[in-house]
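Accompanying notes for the structure given below.
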Amino acid sequence: MADETHRNADALLAAIQRDESRRRRGRLKVFLGMCPGVGKTYAMLEAALREVNAGRDVVIGYVETHGRKETDTLAAGLPLVPRARLDHRGVALEEMDLDAVLARRADLVLVDELAHTNAPGARHPKRWQDVMELLDAGLDVFTTLNVQHVESRADTVRQVTGAEVRETVPDGILDDAVLELVDLPPAELLERLKNGKVYLPDRAAVAVQRFFRESNLTALRELSLRLVADHVGVDTRVFRQTQSGVEPWKTGHCLLVGVGPSPLSEPLIRWTRRMADGLGCRWLAVHVEGSRALTGAAQSQLERNLATARELGAEVVTTTDEDLVRGLLRIAQQQNATQIVVGKPTGFAGLERWRGEQRLRRLVRESGNIDVQLVRAEKAGAVAGPVWLPVTRSGVRQYLVAAGVVAATGLLNLALMAVSGPRLPGLVFLLAVVMVALKVGRGPVLVAGALSALMWNFFFLPPRLTFAISAVEDALLFGMYFIVALVLGQLVARIRAQEQAERRREERAVALYEFTRELAEATSRDEVVWQLVAQLGKVFRSPAAVLFPGGDGLVAHPDGSLVLAESEVAVAEWALRQRKAAGKFTDNLPGATALHLPLVTERKAFGILSVSWAEPALSLAQRDLLENFARQSAVILDRIELRAAAERGRLLAESERFTRTLLNSVSHELRTPLAVSTSAAAALAAADAGAPVERRALLEEIVMANARLNRVVGNLLDVARLESGQVRLHLDWHDARDLVQTTLRELGREVGSRRVTSDLPPEPVLVRLDFSLMQHVLGNLLLNAVVHTPAETPIEVSVRREGGPLVIRVVDRGPGVPGNLLPRIFDKFFRAPSAPAGGSGLGLTLVKGFVEAHGGTVRADNRPGGGLMVTVCLPQPENPPNVEAG
Amino acid sequence: MQAETPRPVQTALVIDDEPQIRRLLRVTLEANGYRVVEAVNGHDGVVHAAQRRPDVVLLDLGLPDLDGLEVLRRIREWSRVPIVILSVRDQEEDKIAALDSGADDYVTKPFNSGELLARLRAALRHGQGPGEEAVIVSGDLEVNLAKRQVFKGGTEVRLTPIEYSLLRLLITSAGKVLTHRQLLTAVWGEKAVGQTHYLRVHLAHLREKLESDPSVPELILTEPAVGYRLVLKP
C-alpha cells in the first residue's frame, strides 16, 4: 500500500516534470498527411493565421508553396525569415536560416516538410534536428509530415506501395508532439491530381502513377489514421498511469533485439519498436562485438542501425563476446528481457545459412524461459555485402613466413630422411604448422597446412616425387594429417584472435584507469588539460585542444596540441551552449574537421574538448572511451572548482575572525582605561558638590575631555570595522521618530545649550534599519552641525517617508561649506579649513559608511539663504506590515 | 519620593577581570553603603555567588576564562539573585542575550555612578518579588492595577487591551529594561518573537496617550536595539 502510494507520487512527480520541461521547451504541432497533395501546408498556414489573430508572434521559418495560388495567398499574410543560401559544388541551395530564426525569437515558427534532408554544410544533416533546436530554445513549431516518413512506418509503406523511403523522422519526436491529421478521401485526391493541383517533384511519371493508385492511397490513409490513433493511445496511457498508479509498463515485458552490421537489422529494429509500443514495454537493442574487424561499410551500417534504435527509443547496449549467442543471452538475463527478437536466417550461400540456423538452434535451446521471436527480415535493395574483412588481411609477409617455415621444415626432413623413414616427417610438419599458427593469422596457417601436406606427400610418401600414394595406410594417414593440420591451425588462430580482442579491451580499460588515476591527482585546471591532451596523444595518437569560456567566447588552453580555426571554435561554442557533442562523427555540424565534446557535469558545463581524430572512422568503443575521458575530466574540474571555493571561503572566514578578534581586543584595551577615568571623574564631580567653583570646573573639564576622547576612539574603531568589512547590519522594524527622539536624548549634554528642533510626522514611521548604526549616523550629523554653526542659529532634524525611501534631513543656518569642498566632506580625515579645532574628520566618513551599509545614500547641499542641508536616504524595499489595533 | 528607611548592609559581588574597574566599583559601592566581594574570573564568580550569597551581582561580559553568558546561566541554575551586566558599546547582541537569559539589567561602560546605583536599586527591588502596591503613581500619571484604570492629570485615559498589557508590564518592572523578546512574548505569545513592528506601533500609541510631550518621551524610554524601560517620576 505504502509502496503504491509512493509509486503514485513518483509517477505524478515525473508527469509534472515532464509538463514543466515541456513548458520550458517549445511545443511541436505536426500536420500529418497520408501523402503529398492532401493540403498539409495549407492547413498549417490556416492554423498559423488563427494563432496570429489570437495575438501570437508567428514567423515562417521555411514554407514551400510550390507556387499554388491559395497557399501563396495565405503565406503572404505572415512575416518571413529569409532563407540561408548554401553553395554546394557550385549549386546554390536554399535552407532555413536556423540562426536567424532563433535570433528572431518569435512565439511560433512554421517549418514545412519535417523529413527534409538539409544541404551539405548546414548545421544539421536533417531538418527535424533544426526543429529540435528550435524547440529546445523554447520556440513553438508547426510542421508538416507525410506518414511514409515516420521511421517506424517506413517499412510498411515500402511493403504496401513498393516505393523506397529515404528520408525518415524518428518516432521519438512525435511522442511529445500534437498530431493533427490532414485527411482527404483518396478519390478526391486523385481528382485533384488529375486537375494538376498537386505538386509533384520531377520524378518518373510512371513511378508517380504507380504510387497514386487508389489501393495504395487507402492503405496509406489507414496507416496515418492508425498512427494518430496510436498516438492518442500513448497520451491516455501516460494519463492513466498518473491517475491510477498502474505499472508504468503494462506488463513486466522487455524486448531485446539483436543488432548486427547488416542492413537487415533495421527492419528488425522497427518491428521491435512497434511490438514494444503495442505491449507498452521497454526494449533493448543489443550489439555483440566479436574480435573480427568489420569493413568500413559494415561499420557505418552498424552505427546507423544503433542510431536508428536509439532514435526509436531503445536502450542500446553493446557488449563484447566471441560467441554471439552467449553475448545476447548474457545481456538478456542481466536486463531481465522476456523476449528476444532475431531475424530469420537468410544468406544465399549454404554455409552462411547453415551457420545461422545452427546459431538459432543454440539460441532456442539455451534461452530457458525467455521467448524467442523469429521475424522475417527483408529490405528492398538490401544486398548484404561482405561484412567481415577478408582474412587475407594478415599480409603478404605472414604468408611468406608460413611458406618459408614449411620449406625449411621440408629441408630438415630431407636431411633427416636417412634415419626417419617416410612417416616421421608428417609429425615434424605438424609441429611446424602449430608453431606457425602461434605467430600468424588464419590464412597463412591454412596455407602452411596445405603446403606441408603436399610436400609430405610429394617428397616423402612413397612413391616419392609424385602426388600419388601407393599404400592405403599412407593415404589414410595423409588424409588425417590434412584434417588435423587444418583444425589445429584454425583453433590456434582463433585463440589468438580472442586473445587480441581481450588485449584491445584491456588496453581501453587500462587507458581509462591510468587516465583516471593521473587525473585524480590533478589539483588545477592546467594539470587536467595537460593530462587530457597527453593521454589523447598517447592512446589515440590524436592532437587535442581544450577550450574554456573566457572573454566573449571560447579560448583555447595553451597546453593543447591542436590549433583550431575560427570556424571550429564556433562549432565548439555551439556544442558548449547545447551541451551536446558536435562536429565530425556527430549529427551536429558534421562538416567540421574536429570532434567537439562538452566537458559537463550535472552542475555546469566547463568547456570543450576538441579532438582532431587521426583515423578515418571512430568506432563505438573509441567514442565511448573518448566520452569517458571527457566525463572524467569534467568531474575533476568540478571537484577542483568546488574545493577552491571552499578554500576561499575558509580563508575569508579565518581572516574575518582574526580581524574581529583584533578589533575587539584593541577596543577593550582603549576603552577600559577611558571608562575608569570617565567614571572616576564623574564620581568625583558628584561627591564634590560642595567644592569650590574652580575645582568643580576642572572636574567638569576632565569629564568633557573624556567624553570627547571616548567618542574619537569610538569613531576610529568604527572606521576600522567599516573598512575591514566587519559591520553587520541588524535590521529590524523601528519607528523612525523614535530614532530621532532617542538620539537627541542620549546626546543631551554634548548638544549643550543648542536647541535642536525636530519635525516628525504624527503617526509612527515604520522602517527597517539598524537602530544603533543609524543612531551613530544621526548623532554624528547633529554634532557636526553643532560644532560648525554659531551658537544662536537653529538646527532642525526632520523625518519623512515619501512613498518609497526613508528620508532624514539635518539642516542648519550656519555658514555652509564652500561649493568646491562639498563633494569632499565625506572623505576620511577631511576637515574644512574653517572648522573649529577638536574634530577628527571621521564623523561624516562614518555617516557615509553606515548609510551605504544600509544600501542608502547621503548628500550635502548648501541651502539658499545660507546653511547646510544633509539628506540621508534609505531605500525601503519592504512595505511595513499591517498592525491591527487591539 | 519615599523616605529611605535605613536598610541592612547589602553585599554586591563584582565579577570583572580588570583591577581598575573593580577598584572603581569598590570605592563607588562602599561609599554608598554596600559591602563588596570581588571575583577576578568567571569560575571564581560562580563559586563566590554560591558561598558568599551576595544580594546583587555585577557581571562583566568579557571574562578571560568563561563567557559572561555562561557564568550567568550557571548562577541562574540555582539562584534568583539580581544580576546586572557591565558591558561596553557594540555588544548589543550579547546584552540582549544576557537579558533574555535572566539578567536583570545592564550598565554600559563608561557609567556614571548615579545611573549605576539607580540600576542596582531597581534590580534589588524586583529581586524581592512583585510589588504589592495596587496603585502606582508617576508625576501626574496614576495606574490602578486592581481596577485596570489609568488616569492622567485626574482624567481617565482609555487604553486598548494591548496598550494596557504593555503598560502593566513596564510599570511593574519600573526602572528595569525589558527586551523586545520579553515584551512580545508576554503580550502576544512566543510566536510573535521577531514581530517588532507590533511593539513599535502600540508603543507609539501608548506614548501618545501618556507622555506629557510625546515628541520628548520621558516616561517610556527606548533602550537602543535592546528594548524599553519605564522610568517613574517622583
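Being a predicted model, the structure only gives us computed values, none of them experimental. Proteins come first, then strands; the chains are lettered A, B, ... in the order of their sequence lines, and each starts at number 1. The basis for the numbers below is simple: all heavy atoms, side chains too, and nothing from hydrogens, waters or symmetry mates.
Only the side chain of B:Glu208 comes within less than 4.5 Å of a heavy atom in chain A; its backbone stays farther off. For a residue to count as touching a neighbouring chain, one of its non-hydrogen atoms must lie under 4.5 Å from one of that chain's; by this rule A:Thr742 touches chain B with the side chain only.
Residues of residues 36-45 of chain B never come closer than 4.5 Å to chain A when only heavy atoms are counted. Residues of residues 17-28 of chain B lying under 4.5 angstrom from chain A, judged on non-hydrogen atoms, are B:Glu18, B:Gln20, B:Ile21, B:Leu24 by number.
Ranked by heavy-atom pairs shorter than 4.5 Å toward chain B, the options A:Thr678, A:Leu674, A:Val676 are led by A:Val676. Considering only heavy-atom pairs separated by less than 4.5 Å from chain A, the leading option among B:Gly114, B:Ser215, B:Ser113, B:Ser165 is B:Ser215.
The environment of A:Lys848 atom NZ is sparse: at most 12 non-hydrogen atoms of other residues, nucleotides or ligands sit within 6.0 angstrom. By the 6.0 Å contact criterion, CZ on B:Arg181 is open, its count of non-hydrogen atoms from other residues, nucleotides or ligands being 12 or less.
Rounding to the nearest 0.5 angstrom, the gap separating the NE2 atom in B:His197 from the NE2 atom in A:His734 is 12.5 Å. Between atom OG1 of residue B:Thr196 and atom CG of residue A:Leu766 there is a gap of 9.5 Å, rounded to the nearest 0.5 Å.
Side-chain atoms of A:Glu763 and B:His205, non-hydrogen and from C-beta on, do get closer than 4.5 Å to each other.
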Side-chain donor/acceptor pairs under 3.5 Å, residues 219-234 of chain B, sequence neighbours excluded:
| residue | atom | partner | partner atom | Å |
| --- | --- | --- | --- | --- |
| B:Thr222 | OG1 | A:Asp738 | OD1 | 2.7 |
| B:Thr222 | OG1 | A:Asp738 | OD2 | 2.8 |
| B:Thr222 | OG1 | B:Arg207 | NH2 | 2.7 |
| B:Glu223 | OE1 | B:Tyr106 | OH | 2.6 |
| B:Glu223 | OE2 | B:Arg229 | NE | 2.9 |
| B:Glu223 | OE2 | B:Arg229 | NH2 | 3.4 |
| B:Tyr228 | OH | B:Arg200 | NH1 | 2.8 |
| B:Arg229 | NH1 | B:Asp105 | OD1 | 3.3 |
| B:Arg229 | NH1 | B:Asp105 | OD2 | 2.8 |
| B:Arg229 | NH1 | B:Gly175 | O | 2.8 |
| B:Arg229 | NH2 | B:Asp105 | OD1 | 3.2 |

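For residues 57-72 of chain B, every residue pair satisfying the salt bridge (Lys or Arg N to Asp or Glu O under 4.0 Å) rule, not counting sequence neighbours, is listed here: B:Asp60-B:Lys109, B:Glu70-B:Arg73, B:Glu70-B:Arg74.
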